[in-house]
Amino acid sequence: MSTSASRWLLSPWTSWRAWQLTRASQGNLSFDAAWRRVRLERHPDEMPYQQHGHLAADKEIDDPTARQR
């Protein structure tokens, strides 16, 4: 099962908001980066997990809000 599919099953609200954010960015923000951004907005206590090896892909805007904290 892919990461995206498991995220949709385990956290549908976060996934829905991430999908909307991805569409609003017009392809500049990946679903993965959007999902992490939305997840941290509602669950800031999960910040340590976000720091483990998530780098922006080519032609992707990194999530600047995650690095400011």
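No hydrogens, no waters, no symmetry mates; every other heavy atom, side chains included, goes into these values.
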Asks: Between Ala33 and Leu29, which heavy-atom pair has the shortest distance, and what is it?
Replies: CB-CD1, 3.6 Å
Asks: Do you know which two heavy atoms are closest between Leu40 and Glu46, and how far apart they sit?
Replies: CD2-C, 3.8 Å
Asks: Taking all non-hydrogen atoms of both residues, which atom of Ala34 and which atom of Thr22 are closest, and how far apart?
Replies: CB-OG1, 3.5 Å
Asks: To the nearest 0.5 Å, how far apart are CZ in Arg37 and OG in Ser25?
Replies: 8.5 Å
Asks: If you measure from CZ on Arg36 to CE on Met47, what distance do you get to the nearest 0.5 Å?
Replies: 11.0 Å
Asks: Starting at CD of Glu41, measure out to CZ of Arg17 and round the result to the nearest 0.5 Å.
Replies: 7.0 Å
Asks: Ring centres of Trp19 and Trp16 under 6.0 Å apart?
Replies: yes
Asks: On a heavy-atom basis, which atom in Ser15 and which in Phe31 lie closest, and how many Å separate them?
Replies: O-CE1, 3.6 Å
Asks: Between Gln20 and Arg23, is there a side-chain donor-acceptor contact under 3.5 Å, judged purely by atom types and distance?
Replies: no
